[in-house]
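Shown next, in structure tokens, is the structure this report addresses.
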Amino acid sequence: MMMTMPSRGLESESPAVRFEGVSFAFDDHVVLRDVTFDIHKGSMKILLGASGAGKSVVLKLMLGLMRPDAGTIAINGQRIDDMSEQNLLRVRGDMGMLFQESALFDSLTVSENVGYRLYEETDMPADEVRRRVEEVLGFIGLGEYIDRMPSELSGGQRRRVAIARAIAAKPNLLLFDDPTTGLDPITAATVDDEIVKLRDLERVTSILVTHQIRDAVYVAEHEAVQTSARAEIRSLPERVERATFMVLNEGRITFEGSASDLQSSGDPFLQEFLYMTLPPW
């Protein structure tokens, strides 16, 4: 079942996300140094980096859960680094977050998990919430699991339910924090396909934070196409990609470009980071 959402253009006067000269430290430990990048509406950025490089910190700064020590952060043209908590709540209302471990409520059904934000933060009638939950679960292919408990789901199914929860309120910006960590390659591919569908069919702006190179390249080099029967995932022609990569190293964005440019880079850190992770797999 396909969701109906408003179309979103790839270009806009203001990018969906803008970091300008952002620095952040935990006491004497510097995490980010003068980080600058844009994410345009309807596009995807894939942020790579070693464990502990600060990738999740970037997401927390976007959410306003942390404040930078220097620089500015804007979401949809609104500066958030000096914004009040009350106004931040409104900005976060247009954002969806997929956490590393799904973070489902074990005591709630799949339906209650997916509709949680709609029940708690909106005045939407219960029957409309139920219809919306059915819609998003249909989109990710788990409609028949609507009344099950999280304990009855596999790891991949739990991760896909978490995606459904993240998109239930129709956010314009999705943040993915290592969505395939801990999953086997086959299950990870099903999660990757859902991310591709959101990008290509719903035009949701997104940032994918990961150190899973295989999954990142797969997302960049595949596209979703809606056929009369279903959404089909297919490989893109050579040198055509649907995402831009950034690499975070020693607190700085040291690379920004395509997957093919990343794989052919002569940078010593990138060569070491990508060693034994490049195709063919």
Side-chain angles (χ1 to χ4, degrees), residues 1-3 5 43-49 51 55-56 59 95-106 110-111 113-114 116-117 133 135-146 148-171 173-226 230-236 241-245 259 277 279 281:
M1 184 176 182
M2 191 57 206
M3 293 190 295
M5 289 186 175
S43 69
M44 171 182 280
K45 291 272 190 181
I46 299 175
L47 180 59
L48 302 176
S51 297
K55 303 185 300 299
S56 293
L59 297 184
M95 304 168 73
M97 176 75 184
L98 179 65
F99 299 94
Q100 290 184 21
E101 301 301 329
S102 302
L104 299 180
F105 297 108
D106 290 335
V110 167
S111 174
N113 267 283
V114 174
Y116 185 83
R117 187 170 178 181
V133 169
E135 188 176 31
V136 294
L137 287 174
F139 180 71
I140 65 167
L142 291 178
E144 68 270 30
Y145 293 84
I146 188 167
R148 297 197 187 185
M149 302 299 293
S151 60
E152 301 177 82
L153 307 178
S154 68
Q157 289 168 340
R158 288 172 66 93
R159 208 68 57 91
R160 287 157 66 193
V161 168
I163 291 176
R165 182 178 60 185
I167 67 175
K170 299 185 180 181
L173 176 62
L174 281 176
L175 284 56
F176 297 99
D177 190 5
D178 261 331
T180 58
T181 292
L183 301 179
D184 64 81
I186 295 175
T187 304
T190 66
V191 174
D192 293 337
D193 286 346
E194 300 307 327
I195 295 172
V196 170
K197 285 162 62 178
L198 286 167
R199 182 196 64 210
D200 296 345
L201 302 181
E202 305 304 326
R203 296 296 186 192
V204 175
T205 309
S206 54
I207 178 167
L208 169 59
V209 167
T210 185
H211 59 268
Q212 306 293 328
I213 310 299
R214 178 175 182 170
D215 295 313
V217 172
Y218 178 94
V219 167
E221 296 184 347
H222 285 74
E223 67 175 347
V225 178
Q226 184 65 40
R230 59 187 178 86
E232 178 182 319
I233 307 296
R234 64 189 187 190
S235 179
L236 287 161
E241 298 172 14
R242 290 284 189 268
T244 302
F245 285 75
T277 66
W281 287 296

Original post:
Measuring from S51:OG to D178:CG, what's the distance to the nearest 0.5 Å?
Top reply: 7.5 Å

Original post:
Do side-chain atoms of R199 reach the backbone of V219 as a donor and acceptor pair under 3.5 angstrom?
Top reply: yes

Original post:
Atom CD in Q212, atom OG1 in T180: separation rounded to 0.5 Å?
Top reply: 4.5 Å

Original post:
Atom CD1 in I167, atom CG in L198: separation rounded to 0.5 Å?
Top reply: 5.0 Å

Original post:
If you look at every heavy atom in L174 and A166, which pair is closest and at what distance?
Top reply: CD2-O, 3.8 Å

Original post:
Which distance, rounded to the nearest 0.5 Å, do you find between the CG of L175 and the OG of S206?
Top reply: 9.0 Å

**OP:** Could you give me the CA-CA distance, side-chain angles and deciding distance for I140 and K197, then say whether side chain to side chain contact (heavy atoms under 4.5 Å, CB included) is met?
**Re:** CA-CA 9 Å; I140 65 167; K197 285 162 62 178; 5.6 Å; no

Original post:
Would you find a donor on one side and an acceptor on the other, under 3.5 Å apart, between the side chain of R165 and the backbone of A103?
Top reply: yes

Subject >> D177 and its side chain to side chain contact (heavy atoms under 4.5 Å, CB included) partner, picked from L59, L208, L47, T210 >> reply: L59

Subject >> Residues forming a salt bridge (charged side-chain N to carboxylate O under 4.0 Å, His left out) with K55, sequence neighbours excluded >> reply: none

Original post:
Can you name the nearest heavy-atom pair linking G49 to H211, along with the distance?
Top reply: O-CB, 3.5 Å

**OP:** To the nearest 0.5 Å, tell me how far I146 CD1 sits from N113 CG.
**Re:** 12.0 Å

Subject >> For R160 against G141, the heavy-atom pair lying closest together >> reply: NH2-O, 3.8 Å

**OP:** For P179 and L183, work out which heavy atoms get closest and say how close.
**Re:** O-CD1, 3.9 Å

**OP:** Supply the atom-to-atom distance D193 CG to Y218 OH, rounded to the nearest 0.5 angstrom.
**Re:** 3.5 Å

**OP:** Applying side chain to side chain contact (heavy atoms under 4.5 Å, CB included), run through T244 and I46 and close with a yes or a no.
**Re:** CA-CA 6 Å; T244 302; I46 299 175; over 6 Å; no

**OP:** Test Y145 against L153 for side chain to side chain contact (heavy atoms under 4.5 Å, CB included), laying out the working first.
**Re:** CA-CA 8 Å; Y145 293 84; L153 307 178; 3.6 Å; yes

**OP:** Output all residues satisfying salt bridge (charged side-chain N to carboxylate O under 4.0 Å, His left out) with D106, sequence neighbours left out; order by chain, then residue number.
**Re:** R158

**OP:** Could you tell me which non-hydrogen atom of A231 sits nearest to which non-hydrogen atom of L201, and how far apart they are?
**Re:** CB-CD1, 3.7 Å

Original post:
Is a donor on one side and an acceptor on the other found under 3.5 Å between the side chain of E241 and the backbone of A259?
Top reply: yes

**OP:** Please identify each residue that fulfils side-chain contact (heavy atoms from CB on, under 4.5 Å) with D200, with sequence neighbours left out.
**Re:** V196, E223, A224, R242

**OP:** Return the minimal non-hydrogen interatomic distance between V209 and S56, and the atom names on each side.
**Re:** CG1-N, 4.5 Å

**OP:** Indicate yes or no for a side-chain donor-acceptor contact from R159 to the backbone of T181 under 3.5 Å, with no hydrogens or angles considered.
**Re:** yes

Subject >> Full working for side chain to side chain contact (heavy atoms under 4.5 Å, CB included) between V110 and L142 >> reply: CA-CA 10 Å; V110 167; L142 291 178; over 6 Å; no

